[in-house]
Amino acid sequence: MKLNIIMDTNTLLLLFTAVGVSLSRVVKVSPGPLIRVQGQSVSIRCDVSEYEGPREQDFDWTMKREGLSSLNVISTFDSRFADASLRGRVDAGLIAYERLADDSVELRIREVATSDGGVYQCKTPSTDSVIRGNYEADVLLTVIPDTLAVSPQAPPPVVPEGSDITLSCNVTRQLAHPTYLSITWSLKKGTAPQEDILTFGPQGGVALGPRYARRYAEGSLRLVPGGRGGGGGGAFSLVVGGASPQADQGTYACTGREWTHEDGGQWRSIVERRRDMGAVAVTPTGQSLSVLASSSSPSVLSPGDTLSLLCSVDGLDPPVVSPPVGGGPPPGRVDGGPSVSLEVSWLLDGSHLITMDREGVVLSNGSSSLGDGGGVSLERTGATDFRLAVRDVSEVSDAGEYTCRVRAFVERGRGAGRWYMAAEKSSQGLEVKVARQDPAFSLAVASVSSPKATADPTELACHVTNITHLPRGARLGVAWEHTSLPGGGDPQSPPNPIGSLDANGNLVPGALYSDRLKSGVMSLSRVEPNTFKLRFLQTQEVDMGQYVCTVGSWSINKLGDLVRTAQFHSSAHTVRWEPQRPSLSVEAKRLREASVGGATFEMSCKVSAAHLAEGAGLSVLVQSQEGLEGAARTAVSLSPDNVLQLGGDVDPNRRDSVVLSKSGPMEFRFRLSGVQLSDRGFYWCDVTAWTKQTNQSPGQTWTKAASAPSNKIQIHFQETGPSFSLSVQSDTTTVFPWETAKMECSLSVSGSTPKTDHLAYEVRWLFSALRGGVAQTPLVSVDRWGVVRKEGRNSSSDLSVERRDAHTYTLNIHGTQDSDSGEYHCVATPWYLSSSTGAWTQAGELSSTPVFLTVRFAVWESLKLPLLYGTCASLGVGLFSLILGVACAHCCCRNTTHTPRSRNKLMDLEMD
């Protein structure tokens, strides 16, 4: 026991020793010495850390001048702590403190005077149990006179765009203590906030505004020291090169600052002066730029003459910098002045013709030829004069309105190499007229190949003769039109465009002839320089009529556009022949008779044709009907491309029993194996003749030429089969919810009863919500192969069908609901294997009498479970609430003793 007490005592001593070592009070003030300017505000911060006692600490500030006693300045604990000589300034708020946190406070002196210089001490009264660490910290404050002076020089109020703006400013101060200077140029444009351009200092560094970093790197923004005077001051000039109205127009200002370098490596501005230098307006180049176009040629030129136009530029000050002879960029600017270079373009009717860029390189629009013997040339005859020459003019290519467009480019900064377009102006338009000489020629249409009958080829030629005044390099284009022949007293229809070949030889088909021209059935061609042809590989009846060709002459102007100079129409040429209509006749013959069920029926259809084109195709459609007045049904069809397709009324299981084939060039054979009762009726062939152009691709469509039906052949035989009856019964007609209801659908067979394996049934169950209701809803069905299909219902009950024996089907309704009440019907369709035909035969559909099912609602059965669940839940919640209340009362209601906190902020120290 004694050993344990000794060990506990040693543990406590070690703990107190560790706490004492870790908690050593530290008081810090702003790093000094501090140098401030008279009349400015001073802030000295004091922080305390690693202390004991209350979280909020108190601070006392004192000040001691050299050779004088210490003065109390201000205290956070005692409001009357200040010395009498400082009481008035403290009460007026000129000397105050600002608590930044529980352990931090800041001493603030407004309008500091030179007498405020001295050593300031921040002291914190002790709240620790053990005296450890430092409780005060000192900092030296030096107050110097305000001698900063800023003297700017006013810049020129107006400068031309692209020139330099020189901003000179002199910043000085009396060097009594180690302080430093900086100078800042700024610009204010309109109502926008002032933006700094460049700052130099306080130790030789340069700081740039966001928009001026690139210009400084390129050299268009330059700092020029103007010399340094005594006392550490100096004159500086900032040169803003390549001035523009958008970026450099506004009011400039110069700001000088005096800095001190405090302990800790921080720079602090202690005083600053800002002076406005004056407003500068930048004159845009476009205000004085003017462009004048003049002509030294006659008002009306003759074809082949030379056009001479002069473009003069005026209003640029200083003069334009011209590129040196032999090319190359223009030389640099004169001192301080802008460097302006011109780009000159000539436009014809608003379209670009030729350009001389600002480096003297001539560029055309791609259709004009340059140099000796060329059609268009542009040369510089003076610093601001540009001459355009157009040789061998023509009315088509060179007549129109000529305009001179000038773009003035200004360099941004001295030698920066960055040019921007400062202005763009165009001269007045000069109307140039050239005497017109229209070409003339004659047209004639002749038949190269005339059709004698439908589907014969046809070829027409359009000859151009007697050509005069056709311009050199002109091209011819042709267009064909067709007009149908009037018939039966009807007026002649308007002409339809067939197609055209433009001046470049491109085919432009007409709307009605587009497919035939694209497929190659028709063609347009130019076989000689003055002959055009229209060709039909197979002429149709709709092609009879009158044909007209239209030929136009086209020339290319200096802008590269095709211009039509003349157009002439030929006389109408008539194409006609006596058409012979194709006709068909079809004869059907019975080849095999089907006198009993299961036999094979076969017939042939032989086609005779007249005036049918070579290469025509035949399609066959085998149709049937029960009686002569019944609806026709399609059994099978064969297309002209020999594609076989069964009719929609044929059972897919009998696909192999229906055959249609081509047995000869104009003969078809139809065979039906295993005939049934449903196959009885009349059968015939419906044959159609189709034509196709000889060069058409296989994927293109056929054109119907003629069609004809054959005579009808009957399939007739008698067969008696078994007879069936249907009945339905239910074990009960009344059930309760969620019970299972059962209904049986029984079929009976009489007559010639087949074997059980030769019988099958299709059974369907129908439901009606009302007794005797007409609307019946399908529920479930089972086909003759035993596949069950359920229909969608609005009930949660489930349905199933089971086959009890060969003739009995049971419907089960599992989990019946109130919505299942109503009438139920059974509908069955028997199928039997015919002994005579050997094929499955469908008997007539049977319908049973209805059975009404009633689902009763049991009140007690539906309520007993909810009542039982509610009672158990209420007892469980009450018991849980009782246990919870007892637990809370036991845990929370305890008697606790509150130890009040001492109101004295200072602790009494007892020393042993």
Side-chain angles (χ1 to χ4, degrees), residues 34-43 110-114 142-159 164-190 192-213 215-216 221-241 243 247-262 266-282 336:
L34 305 178
I35 301 176
R36 299 294 183 266
V37 176
Q38 181 181 359
Q40 304 295 317
S41 297
V42 177
S43 297
R110 296 171 55 190
E111 299 179 5
V112 67
T114 55
T142 302
V143 181
I144 64 176
D146 186 0
T147 60
L148 182 66
V150 178
S151 302
Q153 182 180 348
V158 179
V159 295
D164 294 344
I165 302 175
T166 302
L167 305 173
S168 300
C169 189
N170 190 20
V171 180
T172 60
R173 55 88 170 81
Q174 294 181 3
L175 186 59
H177 288 82
T179 59
Y180 303 83
L181 294 178
S182 72
I183 181 171
T184 301
W185 285 272
S186 57
L187 173 63
K188 180 175 178 58
K189 297 186 290 184
Q194 185 169 282
E195 182 180 10
D196 287 346
I197 301 174
L198 180 144
T199 299
F200 176 72
Q203 204 176 20
V206 175
L208 296 163
R211 292 196 309 112
Y212 296 91
R215 296 179 65 178
Y216 183 80
L221 190 69
R222 306 185 304 278
L223 180 65
V224 181
R228 298 182 180 276
F236 299 89
S237 295
L238 179 67
V239 179
V240 180
D248 303 314
Q249 185 169 270
T251 302
Y252 288 87
C254 174
T255 303
R257 294 182 179 90
E258 190 172 0
W259 299 75
T260 179
H261 191 258
E262 298 179 348
Q266 294 184 352
W267 286 95
R268 184 180 183 89
S269 175
I270 56 178
V271 67
E272 70 176 50
R273 295 275 189 286
R274 178 180 176 276
R275 296 289 184 267
D276 288 340
M277 305 183 70
V280 176
V282 181

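No hydrogens, no waters, no symmetry mates; every other heavy atom, side chains included, goes into these values.
Crowding of R274 atom CZ: a count of heavy atoms from other residues, nucleotides or ligands under 6.0 Å exceeding 12.
Nearest heavy atom pair, residue V239 against residue V224, reads CG2-CG2, 4.1 Å. Residue R275 comes nearest to V150 through the heavy atom pair CG-O, 3.6 Å, listed as atom of the first residue, atom of the second, then distance. What you find for A247 and R215 is that their closest heavy atoms are CB-NH1, 4.2 Å. I165 approaches A243 most closely through the heavy-atom pair CD1-CB, 3.8 Å. Closest non-hydrogen pair, I270 versus Q40, comes out as O-CG, 3.4 Å. Considering all non-hydrogen atoms of both residues, S182 and V171 come closest at O-CG1, 4.5 Å.
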Begin with the C-alpha distance, continue with both residues' side-chain angles, and end with the deciding distance and a verdict on side-chain contact (heavy atoms from CB on, under 4.5 Å) for E195 and L187.
-> CA-CA 5 Å; E195 182 180 10; L187 173 63; 5.5 Å; no

Chi angles and distances behind the side-chain contact (heavy atoms from CB on, under 4.5 Å) call for W259, Q203 = CA-CA 10 Å; W259 299 75; Q203 204 176 20; over 6 Å; no

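Proximity of T260 to R36: side-chain heavy atoms (C-beta onward) are separated by under 4.5 Å at one or more points. Counting only heavy atoms from C-beta outward, the side chains of L148 and L181 approach each other to under 4.5 Å.
Note that CD1 of I183 is 8.5 Å distant from CG of L238, once rounded to the nearest 0.5 Å. Residue L175 holds its CG atom at 9.0 Å from CD1 of I144, rounded to the nearest 0.5 Å. Rounding to the nearest 0.5 Å places CG of D196 at 12.0 Å from CH2 of W185. Here CZ of R257 is found 4.5 Å from OG1 of T184. Values are rounded to the nearest 0.5 Å. Here OG of S41 is found 7.5 Å from CD of E111. Values are rounded to the nearest 0.5 Å. Distance check, rounded to the nearest 0.5 Å: OH of Y252 to CD of Q194 gives 12.0 Å.
Classification of the F236-F200 ring pair by plane angle, with boundaries at 30° and 60°, yields tilted.
Residue V240 forms a side chain to side chain contact (heavy atoms under 4.5 Å, CB included) with just one option from D164, V159, L221, and that option is L221. Exactly one residue among R173, H261, Q174 makes a side-chain hydrogen bond (donor to acceptor under 3.5 Å, both in side chains) with T179. That residue is R173.
The pair K188-D276 does not count as a salt bridge, with every side-chain nitrogen at least 4.0 angstrom from each carboxylate oxygen.
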